Visitor: 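Okay, handing you the structure first.
Predicted model only: the values in this text are computed from it and were never measured.
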Amino acid sequence: MEGQALSQVTARYAELLEKNRRYLWNPFTQMKEYLGDEPVIVERGEGVKLIDVNGREYYDGNASVWLNVHGHNRRELNEAITEQLGKIAHSTLLGAANVPALELAERLVQLAPDGLNKVFYSDSGAEAVEIALKMAFLYWKHRGRPEKRLFLGMTNAYHGDTVGAVSVGGIDLFHASFDALLFETEKVPYPYTYRYPGSEEACVEACLEALRRKLEEKADVIAALIVEPIVQGAGGIITMPPGFLKAVSDLCKQYDVLWIADEVAVGFGRTGRMFACEHEGVAPDLMALGKKMTGGYLPVAATLATDEIYDAFYGDYAECKTFFHGHSYTGNPLGCAVALANLDLYEREDLITHVQEVAEHAARELARFLELPHVGDVRQRGLMIGIELVRDKRTKEPYPWEEAIGVKVCRRARDLGLITRPLDNVITFLPPLAVRKEETTEMLDILYRAIAEVTGR
């Protein structure tokens, strides 16, 4: 009987894999390798685990691309969607409103850094960034300064995959092939202290001096600087030294340049504060949010703006200051309803304190990783962790891209029961925020073993 059941499961997996081969193009995936590697096909989830169609369980070590908060199949979030579904699934925000969208906007303003008093919804973090860029561009135009149209980004930055978000990004591997589609931007260095040939203090000063020079030279034509506060995500979990973000904020104010905080990856508790900007008590002019807003359930994102920016668009119909941008599912009631339930759980379960406590536990567990001969650096803010692998620890020589060492480590971790993804030679670990300490230990044990086995002790 067991053999018959196993063969049926295997046959089902084979059927679904063939559908994947014939119909589905997976994002950020080389399909030739994926389809030849017995990929995981997820059927359901419980807590911090994913369960595939063969019934095998895996720890969700990257929170389903950094967005799951309270674990999978959480009753309160399921019920919030069901309750809203009994009222209405969707109604447009174009010239109208709906109850959950209004209530969520109020909650977001109450939680956000001071001054961000207006909420504009979209469907993904990239779109939230795109909207922020458009708002910044038009803000200066409406204020009578159309020459301020240049955007500054930072090296190693990732802000999403729409054309505007790619234009301000800084990862050549992802972005260079789209060069002819992108608008012109300029880049300033983000402090990657592990790779800087000097002290952390020297790295910070060099990066700030580069920004200062750029602003002195071109502030009169710069619309905004976009920054991933405290941690650069897809660039390799690169952590900002203390004081850097505050200095950046101060420089932007000094030179009359807007600054945009891309909190899509770092927001909603991932770094141990509700928003990463809170670490240094700064408030941006525009802030992009997404990912964990709905607890990892539905695609809702938002761009928050100050009253000053909002007021630049406020005028008579004939002035044509309307912000001509919108999405069909903007402010979707189902998504906003589950986002409200998600925020209720943050409060009821004191989730930010929980993240801080689990992060301290994870830091103790991570100390032993530095003993491995090919772990060059371990970077952490809250439950946002990156483990950088190197061929030579003394010289910090990286593994060649073609060697795919990060892919091999994550593949071995998957065999051992943990799913995560590499960023080239950086192994990421971003579990659901509600993960327990003992689960964190078990996940990190798997990662340690995978790294040791693949790179050699």
Visitor: I'd like to check the side-chain hydrogen bond (donor to acceptor under 3.5 Å, both in side chains) partners of Y121; sequence neighbours left out, ordered by chain and number.
Guide: none
Visitor: Under 3.5 Å, is there a donor-acceptor pair between the side chain of T193 and the main chain of E200?
Guide: no
Visitor: Is the Lys NZ or Arg CZ of K291 less than 6.0 Å from the centre of F268's six-membered ring, within 45° of the axis?
Guide: no
Visitor: Could you go through V129 and I226, starting from their C-alpha distance and side-chain angles, then the distance that decides it, and tell me whether this counts as side chain to side chain contact (heavy atoms under 4.5 Å, CB included)?
Guide: CA-CA 9 Å; V129 166; I226 183 166; 3.7 Å; yes
Visitor: Mind checking what makes side-chain hydrogen bond (donor to acceptor under 3.5 Å, both in side chains) contact with E205, not counting sequence neighbours?
Guide: none
Visitor: The test is side chain to side chain contact (heavy atoms under 4.5 Å, CB included); show your working for L24 and K19 and say whether it passes.
Guide: CA-CA 7 Å; L24 181 62; K19 291 181 188 295; over 6 Å; no
Visitor: Find the distance between CG (L444) and CZ (R368) and round it off to the nearest 0.5 Å.
Guide: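 Taking CG in L444 and CZ in R368, the distance rounds to 7.0 Å.
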Visitor: For R436, which residues count as a side-chain hydrogen bond (donor to acceptor under 3.5 Å, both in side chains) partner, sequence neighbours excluded?
Guide: E438, E439
Visitor: Can you run down the side chain to side chain donor-acceptor pair (under 3.5 Å) pairs that involve residues 279-288, sequence neighbours left out, and say none if there aren't any?
Guide: T271-H279
Visitor: I would like to know whether L182 and V166 meet side chain to side chain contact (heavy atoms under 4.5 Å, CB included); could you show each step before the answer?
Guide: CA-CA 7 Å; L182 309 180; V166 170; 3.6 Å; yes
Visitor: Would you mind listing every ring pair (Phe, Tyr, Trp, His ring centres under 6.0 Å) that reaches into residues 388-422, with sequence neighbours excluded?
Guide: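 Sorted pair list: H374-Y399.
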Visitor: Would you say the side chains of T441 and K437 form a donor-acceptor pair under 3.5 Å?
Guide: no
Visitor: For the atom pair CZ (R270) and NZ (K292), what is the distance rounded to the nearest 0.5 Å?
Guide: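 Reported to 0.5 Å precision, the distance equals 5.5 Å.
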Visitor: Verify salt bridge (charged side-chain N to carboxylate O under 4.0 Å, His left out) between D344 and R107, making sure each step is shown before the conclusion.
Guide: CA-CA 10 Å; D344 287 342; R107 289 282 288 278; 3.1 Å; yes
Visitor: Would you say that V227 contacts M154 through its side chain, given a criterion of any heavy-atom pair below 4.5 Å between the two side chains?
Guide: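 Side-chain contact under 4.5 Å: yes.
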Visitor: Output every pair passing salt bridge (charged side-chain N to carboxylate O under 4.0 Å, His left out) with a member in residues 378-389, not counting sequence neighbours, ordered by first then second residue.
Guide: R195-E388, D377-R379, R379-E388
Visitor: Which residue pairs pass the salt bridge (charged side-chain N to carboxylate O under 4.0 Å, His left out) test when at least one of the two sits in residues 228-246, sequence neighbours left out?
Guide: K246-D250
Visitor: For A165 and H159, which heavy atoms make the closest approach, and how far apart are they?
Guide: CB-O, 3.4 Å
Visitor: Side-chain contact test, heavy atoms from C-beta onward, threshold under 4.5 Å: evaluate it for N425 versus V390 and give yes or no.
Guide: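 No, too far: nothing below the 4.5 Å cut-off.
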Visitor: Any ring pair (Phe, Tyr, Trp, His ring centres under 6.0 Å) pairs touching residues 404-426, not counting sequence neighbours?
Guide: none
Visitor: Do the ring planes of F183 and F151 sit parallel (below 30°), tilted (30 to 60°) or perpendicular (above 60°)?
Guide: tilted
Visitor: Set out, in order, the CA-CA distance, both residues' side-chain angles and the distance that settles side-chain hydrogen bond (donor to acceptor under 3.5 Å, both in side chains) for Y158 and D262, then state yes or no.
Guide: CA-CA 9 Å; Y158 175 81; D262 179 357; over 6 Å; no
Visitor: At their closest point, which heavy atom of N73 faces which heavy atom of G45, and how far apart are they?
Guide: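 Looking at all heavy atoms of both residues, the shortest contact is CB-O, 3.3 Å.
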Visitor: Quick one, R12 with E15, criterion salt bridge (charged side-chain N to carboxylate O under 4.0 Å, His left out). Give me CA distance, side-chain angles, the key distance, then yes/no.
Guide: CA-CA 5 Å; R12 181 167 181 241; E15 178 185 358; over 6 Å; no
Visitor: Find the distance between CG (D350) and CZ (R348) and round it off to the nearest 0.5 Å.
Guide: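 Atom-to-atom, D350:CG and R348:CZ are 12.5 Å apart.
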Visitor: Which heavy atom of I427 sits nearest a heavy atom of C410, and at what distance?
Guide: CD1-SG, 4.1 Å
Visitor: So how far is it from E201 CD to Y196 OH, rounded to the nearest 0.5 Å?
Guide: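 Answer for the CD-OH pair, E201 versus Y196, is 11.0 Å.
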Visitor: Quick one: do the N332 and D123 side chains pair a donor with an acceptor below 3.5 Å?
Guide: no
Visitor: Rounded to the nearest 0.5 Å, what separates atom OH in Y192 from atom SG in C207?
Guide: 13.0 Å
Visitor: Should we say atom CG of D114 is surrounded by more than 12 heavy atoms from elsewhere, each under 6.0 Å from it?
Guide: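 Check fails, neighbour count at 12 or below.
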Visitor: Using only atom types and a distance under 3.5 Å, with no angle test, would you say the side chain of Q84 pairs donor to acceptor with the backbone of V338?
Guide: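 Flag not set: sc Q84 to bb V338 has no pair under 3.5 Å.
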Visitor: Please determine which of L215, V168, L211 meets the side-chain contact (heavy atoms from CB on, under 4.5 Å) test together with L225.
Guide: L211
Visitor: Counting heavy atoms not belonging to E184, are there more than 12 under 6.0 Å from its CD?
Guide: no
Visitor: For a side chain to side chain contact (heavy atoms under 4.5 Å, CB included) check, start with the C-alpha distance between H354 and E349, then their side-chain angles and the critical distance, and finish with the verdict.
Guide: CA-CA 8 Å; H354 172 81; E349 301 190 349; over 6 Å; no
Visitor: Do N342 side-chain atoms and M293 backbone N/O form a donor-acceptor pair below 3.5 Å?
Guide: yes
Visitor: Measuring from I387:CD1 to I237:CD1, what's the distance to the nearest 0.5 Å?
Guide: 10.5 Å
Visitor: Is the ring pair Y190/F244 parallel, tilted or perpendicular, if the boundaries are 30 and 60 degrees?
Guide: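 Y190 vs F244 ring planes: tilted.
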Visitor: Any side-chain to backbone donor/acceptor pair from Y297 onto R74? Under 3.5 Å, distance only.
Guide: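 Side chain of Y297 to backbone of R74: a pair is present.
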Visitor: Using the salt bridge (charged side-chain N to carboxylate O under 4.0 Å, His left out) rule, take K49 and E46 through it: C-alpha gap first, then chi angles, then the decisive distance, then the call.
Guide: CA-CA 5 Å; K49 288 193 173 181; E46 288 291 338; over 6 Å; no
Visitor: With side chains defined as the heavy atoms from C-beta onward, is the minimum distance between I260 and L133 less than 4.5 Å?
Guide: yes
Visitor: Show the numbers, then the answer: is there a salt bridge (charged side-chain N to carboxylate O under 4.0 Å, His left out) between E217 and R213?
Guide: CA-CA 6 Å; E217 178 188 358; R213 287 197 305 269; over 6 Å; no
Visitor: So do the side chains of L372 and T455 get within less than 4.5 Å of each other, counting heavy atoms only?
Guide: no
Visitor: Applying ring pair (Phe, Tyr, Trp, His ring centres under 6.0 Å), name anything that partners Y23, two or more places apart in sequence or on another chain.
Guide: none
Visitor: Once salt bridge (charged side-chain N to carboxylate O under 4.0 Å, His left out) is applied, what residue pairs with a partner in residues 156-169 remain, sequence neighbours excluded?
Guide: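 Found none.
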Visitor: Any sub-3.5 Å donor-acceptor pair from E43's side-chain atoms to I51's backbone N or O?
Guide: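 No; judged by distance alone, with no hydrogens or angles, the pair does not exist.
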Visitor: Strictly by salt bridge (charged side-chain N to carboxylate O under 4.0 Å, His left out), give each pair with a member in residues 22-38 just once, sequence neighbours left out.
Guide: D37-R411, D37-R414
Visitor: Any ring pair (Phe, Tyr, Trp, His ring centres under 6.0 Å) pairs touching residues 43-76, not counting sequence neighbours?
Guide: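 Found H70-Y346.
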